[in-house]
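Read through the structure below, which is laid out as structure tokens, and then see the notes.
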Amino acid sequence: MKLVLASQNKKKLVEMNDILSGLGIEVCSQAEAGVNLEPEETGTTFEENSLIKARAVMEASGLPAIADDSGLCVDALKGAPGVYSARYGGDGLDDVARYRLLLENMQGQMPRTAKFVSVITCCFPNGDVITARGECPGTIAFAAMGEGGFGYDPVFFVPSLKKTFAQLTPEEKNAISHRGKALKIFQEKLEVYLRSK
Ligand code: IMP
């Protein structure tokens, strides 16, 4: 089965394929499906934005489309950056500038607890929708550590492993991450859905 990923993020594509390939599912990029589209994320929840993206790409491609809307919610910042994680600090910033801004905004703040959230939505051309949510708790490190991953990974510290997400191998990250958990729940729901067809 082939799903189109409603995202331009190549690292998300790799993570999705790593996790779903065991199920015989191939996740292809929007470019491979001939879809050039970046739907505006006008929702105020991960659920809303995930649905907006999956539905737009399903309608444009005519194929089942899967979207992940994810972000980092920091307790001391009242849940920010949350659904605005990719846009934190405005358009001009890259990943490094964004996590540096977060470290700056966390100076003197307590507690440093946070969570990553991922909501996966799959929209089928017949109107069916599958949704799954995963969360991963952690804390905001005092300085960036590690070279792996993307986004806020270098500043997201997992106390039980004493490492940031950027210091984990892809397998270690997938085993505990918000996206890994959401994809596992998604996988289970998809199996039930496909059996019912
Ligand atoms: P989205 O592509 O609109 O869902 O934006 C999600 C944003 O949240 C990304 O641009 C990253 O900044 C952040 N993010 C989501 N998942 C991760 C992750 O696994 N590691 C690091 N940052 C993440």
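Whatever order the structure lists ligands and atoms in, that order sets their numbers, starting from 1. In what follows, every heavy atom counts, from backbone to side chain, and hydrogens, waters and symmetry copies are set aside. Remember, it's a predicted structure, so these values are computed and weren't measured experimentally.
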Point to revise | N/O separation below 3.5 Å, Asp153 to ligand 1 | key: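 Yes, since at least one N or O of Asp153 sits under 3.5 Å from an N or O of ligand 1.
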Exercise for review: Consider every N or O of Arg98 and every N or O of ligand 1, then say whether any pair is closer than 3.5 Å.
Suggested key: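 No, no N or O pair falls under 3.5 Å.
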Exercise for review: If the plane angle is over 60° it's perpendicular, under 30° parallel, otherwise tilted; pick one for Phe116 and Phe165.
Suggested key: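 Rings of Phe116 and Phe165: parallel, as their planes differ by under 30°.
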Point to revise | Atoms in ligand 1 with a heavy atom of Gly151 nearer than 4.0 Å | key: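 Listed by number with element, the hits are 21 (C), 22 (N).
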Practice item. Would you mind running through ligand 1 and noting each atom that sits below 4.0 Å from a heavy atom of Gly71? Key: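 Here the atoms of ligand 1 in question are 8 (O).
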Nearest non-hydrogen atom to [atom] belongs to which of [options]?
{"atom": "atom 9 (C) of ligand 1", "options": "Ala86, Gly148, Ser50, Gly180", "result": "Ala86"}
{"atom": "atom 3 (O) of ligand 1", "options": "Arg179, Lys173, Glu41", "result": "Glu41"}
{"atom": "atom 23 (C) of ligand 1", "options": "Phe165, Phe46, Phe116", "result": "Phe116"}

Check your understanding: Just how far is it from atom CZ of Phe142 to atom CD of Gln107, taken to the nearest 0.5 Å?
Key ->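 Answer for the CZ-CD pair, Phe142 versus Gln107, is 10.5 Å.
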Report the nearest protein non-hydrogen atom to [atom]: residue, atom name, distance rounded to 0.1 Å.
{"atom": "atom 15 (C) of ligand 1", "value": "Ser70 OG, 3.1 Å"}
{"atom": "atom 1 (P) of ligand 1", "value": "Lys12 NZ, 3.4 Å"}
{"atom": "atom 13 (C) of ligand 1", "value": "Tyr152 CD1, 3.8 Å"}

Taking every non-hydrogen atom, the tightest pair across [X] and [Y]:
{"X": "Val119", "Y": "Thr131", "answer": "CG1-CG2, 3.8 Å"}
{"X": "Ile120", "Y": "Ser50", "answer": "C-OG, 3.8 Å"}
{"X": "Asp95", "Y": "Gly151", "answer": "OD2-N, 2.9 Å"}

salt_bridge([X], [Y]) N-O dist < 4.0 Å:
{"X": "Lys197", "Y": "Asp128", "value": "yes"}
{"X": "Arg195", "Y": "Glu191", "value": "no"}
{"X": "Lys53", "Y": "Glu41", "value": "yes"}

Check your understanding: So, does Ser177 sit close enough to ligand 1 that a heavy atom of it is under 4.0 Å from the ligand?
Key ->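 No, that is not the case, since the closest heavy atom of the residue is not under 4.0 Å from the ligand.
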Check your understanding: Judged by non-hydrogen atoms, does Asp68 sit under 4.0 Å from ligand 1?
Key ->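 Under 4.0 Å: yes for Asp68.
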Check your understanding: So which bit of Lys53 gets within less than 4.0 Å of ligand 1, heavy atoms only: side chain, backbone, both or neither?
Key ->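 Looking at Lys53 and ligand 1, just side chain atoms fall under 4.0 Å.
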Check your understanding: So, Ser70 and Asp68: side-chain donor and acceptor under 3.5 Å apart, yes or no?
Key ->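 Judged by distance alone, the side chains do pair up.
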